[in-house]
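Inspection log for the structure reproduced underneath, given as structure tokens.
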Amino acid sequence: MLKKLMVVFSLSFIVFLCPQMSHAYDPEYYQEPYRNQVHFSPEFGWMNDPNGLVYYHGLYHMYYQYYPYGLLWGPMHWGHAISTDLTHWIPQKIALYPDAQGHIFSGSIIIDKKNDSGFGKDTMVAFYTNDRKGIQDQRIAVSHDEGQTWEKINEPIMKNPGIKDWRDPNVFWYQKDKKWIMVLTTHNKAMFYSSKNLKQWTLMSTFGPTDQSKGVWECPSLMRLPVENSNQKKWVLQISRTEGSPAGGTGVEYFVGDFNGQHFIQHRKLKRRDWVNYGADYYAAIPWNNLEGPRGERVTIAWMSSWKYAERTPTTPWRNSMSLPVSLTLVKMGDAFRLKQTPIYYLKPKDGHIRFHHKTIQPSTNILKGHKFKVGEIKAEFDLSKSNAKEFGFQLREGNGQYTRIGYQVTTHRLFVDRSHSSNFHFNSDITGVHAIHMNPTNHKIQLHIFLDHSALEVFGNNGIRVITDQIFPRVNNDGMSLYSSGGHTVITSFVLQPFTSIWGSSPLVSNIKKWQTIKGIWADSMSGKVGQTEDEGSILSNRMGKNFVYESDVTIINRNYINKGTGTGGLIFHSDKVAKNMYVAALDIPHKSVQLIKVCNGKRQVISQKTMPLKGNQTYHLKVIVQQNLIKIYLDRKLMIEKQNPTFHQGLVGLYTFQSSSAFQNIHFTSKP
Ligand code: FRU
């Protein structure tokens, strides 16, 4: 099945593709503090693991663990985004929703090209773990429209055999034996199953435990990778581990070996454990299915956070990003094999390029003084044979006493990121501030390829033989940088700094109102318009003010019954004070099935007029308020519902309102009248 696709990897060039996507600067969309500009994050809500990565008909699909109703992990959905270049992502509708059967945990997607499953040729089949109050089984969902809509087959294909943690099915085609393989993880081992029809699975073997460490194995994947400096191919088993990573906490370990269709046999038991990434923020990495590079490279992406603090990071209305995707190969080093990662990116360069060659950096000098840098890449090479420094490197996001150091310690041969002075945010006492790993020079040279984003840093050492990925949360306006050498001088043979423009286009919100200010709740621009969420009362005010006006919008109150949160009320605020404490709301109340005029006085709500209508969640209505000469008129789908003489507030701001619900507003239009 893994037909070789000629994937154009940008291994060392910066290419700009994707002319169909607009890159207009937008003051609201994806511009919140810490919002990464070249890494993927959802429009709003909580995200963890990448799921169901699959390439099909020119599109890269990325599904992910998603909770759209808040900023904490919750009943899991599969969110969805697509890309034509693995860099620019277009948000899509939620693919899988939890229901009474359970929550949709991590998994993978394959293309059933020969109709092995009987669901039809070229069906996309998603394998996921269904979690019902901690009882986990494996299920499938199918898509007949190339991944846009999904139908859950609710019967488990694999019932729980009495194992507590048993999850994250990763499925791929094994050409040699013409069968499907699934890897699952449990407590401290991986389990390998096979199937001919994608529905009945037979346990073939297990691998692990490999050490005595605590924690659980999660999100496995097994891939065959080319070895760059020999003609061999080797199998790599990637395992996400909840404890014991080098930085402390969660991380991805890998094992190199062979797979004979039944067993994974580790090449050589190593004294030291091999981790894919030595930073604190790299987890749940899995590969794209149906995608191989020209030499058989595989492409993976990871969740760029740590379970030790993911629910506390200072971001809103979204939480957590993905790493950059990388292309994987192996390199033989002595008797062992090491993973090599090459970042894939098609980013558009921005002004501010710096380039120089052969400079000697003296201690206590900074030749980058005065340069500002927040989003982009640095490529640098240092020559140790001409240097006598003990340590050299960069300090990024400098300012207000903060900095993040990316350096190399010459005497100990250690590549490191020191984020202990990077942020006001306290990551976690279990996590070290310095994330370091041994890296030998090649021909006396050290190469650093660094990606900097608003709250992330990825360092690829010596062509990706070592990688460190970390989140940082510096003061937003810190943009200073330095190149340092300590304990002696350092010769830098080449240096290129290239800032990048954002991968995010303009907001999909259609409105003639351009400025909004959140008062309460979580509000975000999204493909469904302005979305507000809260368990209580949420409001956002615009800068538009009126006495007489026409104010209208399409309104959808989102049905959250499947997570037992139900539907609530949403509507248009008008004649409001600056803090949304005294105002009117023209509202759709789904539980009471009525269109309402609500008066809020000192924060107290009172329905002053209403009309019963068979309103439903998830249905889009057109709501319009006209105020003229002290008469308030409310229309639903252009029919007059309420007419009421204005009793209290006579002018003020317009805004949006949501109560015990998630509400979406699109095509918002305001016209002031004389
Ligand atoms: C890993 C993980 C998976 C699980 C999912 C739940 O981060 O714990 O094992 O399927 O997250 O969201």
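All ligand and atom numbering here is 1-based and tracks the order in the structure.
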message = Does any N or O of ligand 1 fall below 3.5 Å from an N or O anywhere on Trp303, backbone included?
response =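 Min N/O separation from ligand 1 is not below 3.5 Å for Trp303.
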inquiry  = Pairs of nitrogen or oxygen atoms closer than 3.5 Å, one from Tyr283 and one from ligand 1: do any exist?
reply    = no
ask   = Do side-chain atoms of Ser323 reach the backbone of Ala302 as a donor and acceptor pair under 3.5 angstrom?
value =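 Indeed, once roles are kept as given, a pair shorter than 3.5 Å links the two residues.
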Which residue supplies the protein heavy atom nearest to [atom], what is that atom called, and how far is it?
atom: atom 2 (C) of ligand 1; value: Asp49 OD2, 3.4 Å
atom: atom 4 (C) of ligand 1; value: Asp168 OD1, 3.6 Å
atom: atom 8 (O) of ligand 1; value: Glu218 OE2, 2.9 Å

Check for me whether the distance between the ring centres of [X] and [Y] falls short of 6.0 Å.
X: Phe207; Y: Phe255; answer: yes
X: His61; Y: Tyr55; answer: no
X: Tyr128; Y: Trp150; answer: no

request  = With atom 12 (O) of ligand 1 as the reference point, say which of Gln65, Arg167, His77 has the nearest heavy atom.
outcome  = Gln65
key: Polar side chain donor-acceptor pair, Tyr34 to Gln471, under 3.5 angstrom   =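 No, because no side-chain N or O of Tyr34 sits under 3.5 Å from a partner of the opposite role on Gln471.
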query = Cut-off 3.5 Å, side chains only: do Thr658 and Ser663 have a donor facing an acceptor?
reply = yes
query = Is the closest heavy-atom distance from Asn48 to ligand 1 below 4.0 Å?
reply = yes
inquiry  = Test of understanding: given a 4.0 Å heavy-atom threshold, classify the contact between Ser106 and ligand 1 as side chain, backbone, both, or neither.
reply    =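 Both backbone and side chain.
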For Met76, the ligand 1 atoms whose distance to one of its heavy atoms is below 4.0 Å =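 Those atoms are 12 (O).
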inquiry  = Does Arg35 qualify as a cation-pi partner of Tyr30, given the criterion of NZ or CZ under 6.0 Å from the six-membered ring centre and within 45 degrees of its axis?
reply    =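 Yes, Arg35 and Tyr30 form such a contact.
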